[in-house]
Structures are given as C-alpha cells and as structure tokens.
**Student:** 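One structure is given below, represented as structure tokens, and several questions about it will come after.
Quick caveat: nothing in here was measured; it's all calculated off a predicted structure.
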Amino acid sequence: MRDGVRETRGGGPRLRFAPSPTGYLHVGSARAALYNWLVARREGGRLVLRIEDTDAARGREEWVEGILDVLSWLGLDWDEGPYRQSTRTERYREVAEQLFRSGAAYYCDCTREAVDERAKAAGRPPGYDRWCRTRGLGPGPDRALRFAVPLEGETTVADRIRGEVTFSNAQLDDFALLRSNGAPLFLLCNVVDDADEAITDVVRGEDHLPNTPKYQLLWEAIGARPLPRFAHLPMLVNERRQKLSKRRDPVRVEDYRAEGYLPEAMCNYLALLGWGPENDQEVLELDELVAQFSLERVNHAPAFFDPVKLRHFNGVWIRRLDPATFRARCEPFLRAAPWPADAFDAAAFTRLAPAVQERVGTLSEVVGMVSFLFEEPLQMEEAAWAKLARAPETPAILVAARASYADVAWEAEPLHAATAAIADAAGLKLRQAQAPIRLAVTGRLVGPPLFDALEALGRARALERLDRAIERAATA
RNA sequence: GGCCCCAUCGUCUAGAGGCCUAGGACACCACCCUCUCAAGGUGGAGACACGGGUUCGAAUCCCGUUGGGGCUGCCA
C-alpha cells in the first residue's frame, strides 16, 4: 500500500464514504454516509473516509473541512482517513500505465468535436465510437487514455439491494481513464482506491449503478482482489420526483444545522428514507438503528425528502432533551439573537425554557418565543395590536391587569388567579382576557403560557409594558 | 433515442402466497384537554398503477402495458 493507505488485517467488512468536495454536504450524501456507517458498525467492519478531489478545479479546502465538520456533528465517525485522491496522482498514473502496457487501455487523440461530428454524420446517438482503439497510439500530449471495454459478453452486478443486474458489454463505451492532460478520472481513481484500501462493500447512490459494470471490468483488468459487494441506494427526490438539486432544493445539511435541527433528528429521519423498522417504533437513536438496520431491507424506490416530516421528528427529539441539555443546545442561537448581548438573562430564560421546549420544531424558533424577555423596546405585532386596540374591552382589561398585577404575588399561579378574576369581572372567558395582556406584554398573540411568561419577565417590566399599552390604546 | 432501475394511502413506510376487512408515521379533518400556541389523547378520511398469467389462494411470483426516475462527459 502506498501514500499512507494501509490495509487492516482480518475480519470484518470495509466500507467507505467518498464525497467529492464540490460544495457542502448534501442530504443525499449524508444518507449514504449514514447507511455506510450503520453497516460498518452493525457488521463489525471499518469505515474509510475518502475525499474524491481529483478535479482540481473543484476542490477547495474549506469544502473538505465543512464536510468533515458536518459528519462529526451528525455523530458519524470514521476509522480511517480522510484519504485524499489529490495526493495519489502518481499511483493512478502508474496503474493507468500498466493498463496501457497490458493492452487493456489505449490512447486516443479524438477531440470532443470530432467525436460528435462522426456520430452526427453516421446518425448515431452521441458517444465515443472507439475510433482510436486499433490505431496503436502511444502516450503523448493531447492524448487521453481509454479503457478497452470487451466487445462481447455481459457483466453482472450482484447488488445487495436489487439482486443481479446484467449489462451487455457492447452497450458500454470506452470510457476515459486519463484526461489528455494526464489527470486521472473518476472511475480509475475510484477503483484503484477501493482496491488499495481493500474495500469489501460499496454502498452508494443508485445514480452509480450504470457505472458499476465499468467499475467491475476495470477492477478485473487491474486484477487485484475479489470484487467488492455492491448496494445501490434509492435516490432522494423532491416533490417533483426528481433527484434533489443543489439549486432548487434545500439540501445542505449544514443549513439544517444552522436552523436548529438536531443531529439525532437528522439521522433518524434520514434512516427512514429508504428503510423502515419492522415494528412501529420510528423514533430511534443511532445505536438502535445499528441494532435494527439491514441493507437487505432497504427499499428500491426513490424517496421524497419531506422537510415537514423532518421538522416533526426534530420537535420530537427536542422534547426528548433534558432541560439543561435543551438550554445548552439553544445557547448558540440565543447568542446570535437580535438583542444586545448583555440583555440576555439566563435566569429568565431558564424559567421559561421548559414551556418553550415543548413548542418548537427547531432551535432557531426559540429566539422568537423568548425575545420579549430581552428586547427593549418590545417589538409589537402591529397588525394584531391594531385589531385588538379597537376592541371595546381592551382598555378596561389592561387597566385592571395593571392594578391587579401591582401587588399580586409574582408567580404563575397567583397571576393566573388574578387574571381569571379580571376576566370574570368583565364577563369574559380567561382566553379572551389574556389576549390583550399577552399582546401588551410579549408583543405577540401566541407564545409560551402567559403566566409563566409574566413570571419570567418580572413585575417591573410587565407593569411598564402594560402602562405603555394603556397609553397607546388611549391615543388610538 | 439507447441502456438500466423503480411502482402499497398526498408523503415516508410495514407487508417476503393464506395472519390483510392492508398496519404505523407525517400531513389533513373532527372532537377532547386547554390561559394563546403547541404538545398529548380519541376518532375519521385516505393506497396495493393497469392488464394478463401461475396458484385452491396473490399487495406478495412471472409476463406485458402505462407511468416515474437514473445514466448516457477527457464531472464525481
């Protein structure tokens, strides 16, 4: 083995996750990573992380860091790597050279234009026509190296999910191994690395299935070791049933992270896309997934990535957090919030946090639910205020609350009782009476339970806000 | 166009020939609970794409049709 790529001896399967650093981690890639991780853990194998950064034009160091960071955040660790293809160019060239010498590959100086023209002139569909296969070209500038696919016979892929898939070799084209500038291409690097890293199981997206016969033929030409087993996962699609697109669809895992999705929820939901447990228990943590997961039970059909259901799972996972953990996970979101840093009051937040925890689908929603505690002046929902201020009972309710709250014991229960009394006196339901008070004090019509909110806010600020609202109502 | 994959409620799935009057979850609707909103509880509507076989029996097996999707780069 070269370049620090080593082979572990003995035992279990070896899997790999091999993202290309072309952007941030895509949810589809995350699911592939998760499935690889689950299989490795479940079957007592090892997971290799490999960065497929052969295309220098694309790779960027920060992309790589971003991917590693998100994988770690998800809780998916790896046993080896990250290995980088960009450090192994010589190795790929060496294998390419062997393939040329053995006659398994040949040099080609056709330009893209020439290939297209020939196809058009002959009325064939576009694609390479093996023009140089018998020309006996040697290496040289502007010559790509192509693999000489057998003209006859069939190649069968044994897929753990789909069973056997057979391709006719004649249908495969003589794909390129090296670019005319000498740079190694995907299939070559992929196969060489899988061989050098002693990969035994390839678990990847279904979009790779048509590549697999080429992969196998190349593998055999290199002649290293037994072919890995394959498993091609169904695609993740959008509402239009198309492969998720980076442009149109929300696919960046780190965007979900930034919005306050929990890694537990993300893994749980992703696991359920293409696979389902045998019983009805769908909320599962990573180790439960490891215990139950099985590639053979993975579905064949594409799955819609449903952000709504993800959010539901996220809410479930948020509610499962113990109070201290919930507060800790909220911290980054509270720190980035729109109020001045010194306005944050940890005690007030702690008082209200349990009520908030039950009500949010993402951590970023916490900010809006507690902002009334920290922002000054209060942001008022003007549309709601305009409507409520016109209601005939509003001024009286506010005035009565102002008076009553001035000397009630400042805890949720007494506040509740006091407000109920006000409602009673006004001949209103508590639900009706609390609305103007809530709006005056929190600026919103919905939020955590009013009396908990009042308690957390404190008497002085609550009275102040009631005063201000009474004033506004009077001048309206 | 060619090659390949796929097909159970709107969505994600359970279902490996009789256990299916097709189960669960999200979303939806109603009711309950309730200081708003959520959460929770109860109930409801909602699917085996179609057509042929095979079989005593098919959502499950086979073939075809239709419909989706992927690949078809000197990208990965």
**Student:** Check every atom of B/G70, B/C74, B/A76 against the side chain of A/Q242 and return the nucleotide holding the closest atom.
**Tutor:**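 Nearest listed nucleotide: B/G70.
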
**Student:** Nearest 0.5 Å, please: how far is CG in A/N211 from CZ in A/F167?
**Tutor:**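 Separation between the atoms: 9.5 Å.
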
**Student:** Give, ordered by number, those residues of residues 135-143 of chain A having at least one heavy-atom distance below 4.0 Å to an atom of RNA chain B; if nothing qualifies, reply none.
**Tutor:**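 RNA chain B contact set from residues 135-143 of chain A: none.
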
**Student:** Charged N to carboxylate O below 4.0 Å: is that the case for A/E296 and A/R160?
**Tutor:**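 Judged by the 4.0 Å cut-off on N to carboxylate O distance, A/E296 and A/R160 do form a salt bridge.
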
**Student:** So does A/K120 pair up with A/E113, basic N to acidic O under 4.0 Å?
**Tutor:**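 Not counted as a salt bridge, because no side-chain N and carboxylate O are separated by less than 4.0 Å.
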
**Student:** Under the 3.5 Å rule, do the base of B/U36 and the side chain of A/R359 count as making a donor-acceptor pair?
**Tutor:**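 Under the 3.5 Å cut-off, the side chain and the base do form a donor-acceptor pair.
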
**Student:** Is A/H232 stacked on the base of B/G70 when the test is centres under 5.5 angstrom and planes under 30 degrees?
**Tutor:**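 Not stacked by the 5.5 Å and 30° rule.
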
**Student:** Between B/A25 and B/C6, how far is it from one P atom to the other, in whole Å?
**Tutor:**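 These two P atoms come out 29 Å apart once rounded.
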
**Student:** Please report the distance separating the P of B/A47 from the corresponding atom of B/A22, rounded so that it comes out in whole Å.
**Tutor:**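 Per the computed distance, 10 Å lies between those P atoms.
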
**Student:** Please determine, for the side chain of A/F167, which listed nucleotide (B/C3, B/G69, B/A39) has the closest atom?
**Tutor:**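 Selected nucleotide (nearest to the side chain): B/C3.
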
**Student:** How far, in whole Å, is B/U13 from B/U72 if one measures between their C1' atoms?
**Tutor:**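 32 Å, rounded to whole Å.
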
**Student:** Between A/E358 (CD) and B/C37 (P), how many Å, whole number?
**Tutor:**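 Distance check: A/E358 CD to B/C37 P gives 15 Å.
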
**Student:** A/R162 has a side chain; which of B/C35, B/C5, B/C3 sits nearest to it?
**Tutor:**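 Of the candidates, B/C5 comes closest.
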
**Student:** Check the distance between B/U11's C1' and A/H312's NE2 and give it to me in whole angstrom.
**Tutor:**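 Rounding to the nearest Å, NE2 of A/H312 and C1' of B/U11 are 14 Å apart.
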
**Student:** Between atom NZ in A/K243 and atom P in B/G68, what is the gap in whole Å?
**Tutor:**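 After rounding, the gap between these two atoms is 19 Å.
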
**Student:** Provide, to the nearest angstrom, the distance between the CG atom belonging to A/D174 and the P atom belonging to B/U72.
**Tutor:**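 Checked: the CG to P distance equals 16 Å.
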
**Student:** Is A/T166 near enough to B/C4 that one of its side-chain N or O atoms lies under 4.0 angstrom from OP1 or OP2?
**Tutor:**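 Answer no for this pair, as no side-chain N or O of A/T166 is under 4.0 Å from OP1 or OP2.
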
**Student:** Is the CD atom of A/E152 crowded by more than 12 outside heavy atoms at less than 6.0 Å?
**Tutor:**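 No.
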
**Student:** So, OP1 or OP2 of B/A38: does either fall under 4.0 Å of a side-chain N or O from A/R444?
**Tutor:**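 Looking at the OP1 and OP2 atoms of B/A38, neither is under 4.0 Å from any side-chain N or O of A/R444.
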
**Student:** What integer number of Å spans the C1' atoms of B/G44 and B/G51?
**Tutor:**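 Their C1' atoms lie roughly 34 Å apart.
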
**Student:** Of all the choices, B/C75, B/C5, B/A76, which nucleotide is nearest to the side chain of A/L209 once you look at every atom?
**Tutor:**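 Of the candidates, B/C5 comes closest.
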
**Student:** Could one point to a donor on the side chain of A/E282 or the base of B/G24 with an acceptor on the other under 3.5 Å away?
**Tutor:**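 By the distance-only test, yes, there is a pair.
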
**Student:** Starting at atom CG of A/L233, determine the distance to atom P of B/C4, rounded to an integer number of angstrom.
**Tutor:**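 Whole-Å distance recorded here is 21 Å.
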
**Student:** Please state the P separation for the pair B/G46 and B/C9 - nearest whole angstrom.
**Tutor:**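 Comparing P positions in B/G46 and B/C9 gives a spacing of 14 Å.
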
**Student:** From C-beta outward on A/S20, which listed nucleotide comes closest to its side chain: B/C3, B/C74, B/A76?
**Tutor:**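 Nearest to the side chain of A/S20 among the choices is B/A76.
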
**Student:** How long is the line joining CG of A/D306 and C1' of B/C9, in whole Å?
**Tutor:**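 Answer to the nearest Å: 14 Å.
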
**Student:** Expected output is a numbered-order residue list: members of residues 295-305 of chain A with a heavy atom under 4.0 Å from any atom of RNA chain B. What is it?
**Tutor:**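 Residues of residues 295-305 of chain A that come under 4.0 Å of RNA chain B are, in numerical order, A/R297, A/N299, A/H300, A/A301, A/P302, A/A303, A/F304.
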
**Student:** Between B/A45 and B/C26, how far apart are the C1' atoms? Round to whole Å, please.
**Tutor:**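 B/C26 and B/A45 have their C1' atoms separated by 15 Å.
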
**Student:** Please check if any side-chain donor atom of A/D194 sits under 3.5 Å from a side-chain acceptor atom of A/Y215, or the reverse.
**Tutor:**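 Side chains of A/D194 and A/Y215: pair found under 3.5 Å.
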
**Student:** Under the 3.5 Å rule, do the base of B/A25 and the side chain of A/K309 count as making a donor-acceptor pair?
**Tutor:**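 Such a pair exists between side chain and base.
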
**Student:** Using atom CG of A/L244 as one end and atom C1' of B/G70 as the other, report the distance to the nearest whole Å.
**Tutor:**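 Answer to the nearest Å: 13 Å.
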
**Student:** Do we get A/R146 above A/Y128's six-membered ring, with its NZ or CZ under 6.0 Å from the centre and within 45° of the axis?
**Tutor:**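 Here A/R146 passes the 6.0 Å and 45° test against A/Y128.
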
**Student:** Is the closest side-chain donor-acceptor distance between A/N169 and A/T155 under 3.5 Å?
**Tutor:**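 Looking only at side-chain atoms, A/T155 and A/N169 do form a donor-acceptor pair, the distance falling under 3.5 Å.
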
**Student:** Just by distance, no angles: are the side chains of A/T362 and A/E365 close enough, under 3.5 Å, to form a donor-acceptor pair?
**Tutor:**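 On atom types as modelled, these side chains qualify, holding a pair under 3.5 Å.
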
**Student:** Looking at every heavy atom in both A/G443 and A/L378, which two are closest together, and how far apart are they?
**Tutor:**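 Looks like N-CD2, 3.5 Å.
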
**Student:** Counting only distance, no hydrogens or angles, is the base of B/C74 paired donor-acceptor with the side chain of A/S180 under 3.5 Å?
**Tutor:**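 Looking at the base of B/C74, it does pair with a donor or acceptor on the side chain of A/S180 (distance under 3.5 Å).
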
**Student:** Tell me which nucleotide among B/A27, B/C75, B/G24 gets nearest to the side chain of A/V308.
**Tutor:**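 Nearest nucleotide to the side chain: B/A27.
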
**Student:** Distance from A/E61 atom CD to A/S86 atom OG, nearest 0.5 Å?
**Tutor:**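 With rounding to 0.5 Å, CD (A/E61) is 8.0 Å from OG (A/S86).
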
**Student:** Hey, is the main chain of A/F186 close enough, under 3.5 Å, to the side chain of A/N190 for a donor-acceptor pair?
**Tutor:**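 Not at all, since once roles are kept as given, no pair shorter than 3.5 Å links the two residues.
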
**Student:** Got a sec? Which of residues 423-440 of chain A come in under 4.0 Å of RNA chain B, heavy atoms?
**Tutor:**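 Nucleic-acid contacts, sorted: A/L430, A/R431, A/Q434, A/R438.
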
**Student:** Roughly how far apart, to the nearest Å, are B/C12 and B/C19 at atom C1'?
**Tutor:**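 Approximately 25 Å lies between the C1' atom of B/C12 and that of B/C19.
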
**Student:** Sequence neighbours left out, what passes salt bridge (charged side-chain N to carboxylate O under 4.0 Å, His left out) with A/D174? Give chain and number order.
**Tutor:**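 If we apply the salt bridge (charged side-chain N to carboxylate O under 4.0 Å, His left out) test to A/D174, skipping adjacent residues, the hits are A/R130, A/R133.
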
**Student:** Give every donor-acceptor pair under 3.5 Å between a side-chain atom in residues 417-431 of chain A and any protein atom, sequence neighbours left out.
**Tutor:**
residue: A/T419; atom: OG1; partner: A/Y405; partner atom: OH; Å: 2.8
residue: A/T419; atom: OG1; partner: A/L415; partner atom: O; Å: 2.7

**Student:** In a table with atom names and distances, give each donor-acceptor pair under 3.5 Å that connects a side chain of residues 277-284 of chain A to protein atoms at least two apart or in another chain.
**Tutor:**
residue: A/N279; atom: OD1; partner: A/Q281; partner atom: N; Å: 2.9
residue: A/Q281; atom: NE2; partner: A/V283; partner atom: O; Å: 2.7

**Student:** Starting at atom CZ of A/F230, determine the distance to atom C1' of B/C5, rounded to an integer number of angstrom.
**Tutor:**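 So the CZ-C1' distance, A/F230 to B/C5, works out to 16 Å.
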
**Student:** For the P atoms, the ones on B/A14 and on B/G73, what distance do you get once it is rounded to whole angstrom?
**Tutor:**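 Taking atom P in both B/A14 and B/G73, they lie 35 Å apart.
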
